[in-house]
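Notes to accompany the following structure.
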Amino acid sequence: MPDPKELIEKAERFLKQQMDMYGDFSMKFPDSTSLENQNLQKNNKPTKDQVREVSNNYQVETGQDSVQPEKPERELTKQEKIAACDTLEELRTLCENADELRTDLDGTNLVFGVGNPNADLMIVGEAPGYNEDQQGEPFVGEAGQLLDKIMAAIDFKRGDIYIANILKHRPPNNRDPKPEERKRSLPYLLRQIELVDPKIILCVGRVSATTLLNEDTSLSKLRGKFHSFHGRELMATYHPAALLRNKQWKRPTWEDVQKLRKRYDELGGK
Ligand code: URA
Ligand code: URA
């Protein structure tokens, strides 16, 4: 059984130490003589309850920011800033200020994404080209017009779906996005996918499919079936720009998007 005096001295030392570390705060020191007189049993040994009472008398009256040290102010990490975006508009603003989304082509515009913010089908392409950069909108050039036709063939208007790219800025000379560019851009796209919350994602082209599925293989190996992707379904098919050069890929693309439409309806897409 600890001696109450010792307990008191220990508590005082502790509180003084805390005060040195965290600044001033007020506390009540009960008068130790009166404690002795009031609380000690005849044999001068305190009961368990008395010891507890003595300890409870040492509750510190804290000001708002005394004993608990304030967390130091710090910059949010990139991942925290992205996660803090609760709307597509907030994410767009973050992207506008994110230099890491730029390529080595100077002066490009952000091509964030377009369409129904609650779409059940989201299409993910590769990267903006000249026209997309000029207009700040994905798939508005020749490949975009073909994409619109493919979507119309399975009864989707452009406004029904949501369209984005792996990269949000145009690479120089329309070269393939570099692995490090895709890696820097991916966390933003993943948040964009969460915010749109589609039932199905359609990746057009190898860059899109291999980046999202994180599998370095050919498009022909990935296309035409449903992959599981963060609790959603993902299909890959040919890129419309590839179809413009390779007519033999139109047929398999047609078959892929028919399957896509069927699955969309099965999943209750609206
Ligand atoms: N090709 C793409 O992958 N994305 C576009 O936005 C335009 C062309
Ligand atoms: N390779 C690609 O990058 N895209 C296609 O659509 C087909 C082959």
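We count ligands from 1, going down the list as the structure has it; atoms in each ligand are counted the same way.
- Partners of Asp160 according to the side chain to side chain contact (heavy atoms under 4.5 Å, CB included) rule, which considers only residues two or more places apart in sequence or in another chain, are Phe156, Lys157.
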Counting only pairs under 3.5 Å, give me each side-chain donor-acceptor contact of residues 134-155, with atom names and distances, residues two or more places apart or in other chains.
| residue | atom | partner | partner atom | Å |
| --- | --- | --- | --- | --- |
| Glu137 | OE2 | Arg158 | NH2 | 3.1 |
| Asp148 | OD1 | Arg158 | NH1 | 3.1 |

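- Take Asp86 and apply the side chain to side chain contact (heavy atoms under 4.5 Å, CB included) test, not counting sequence neighbours, and it matches Glu90, Arg191.
- Contact of the Leu195 side chain with the Thr87 side chain is not registered, since no non-hydrogen atoms from C-beta on lie closer than 4.5 Å.
- Ion pairing of Lys81 with Glu75 is present here, as a side-chain N (NZ or NE/NH1/NH2) and a carboxylate O approach within less than 4.0 Å.
- Of the candidates Leu167, Asn165, Leu190, Thr211, Leu167 is the only one forming a side chain to side chain contact (heavy atoms under 4.5 Å, CB included) with Ser185.
- At a 4.0 Å heavy-atom cut-off, the residues surrounding ligand 1 are Gly125, Glu126, Ala127, Glu132, Pro138, Phe139, Asn165, His239, listed by chain and number.
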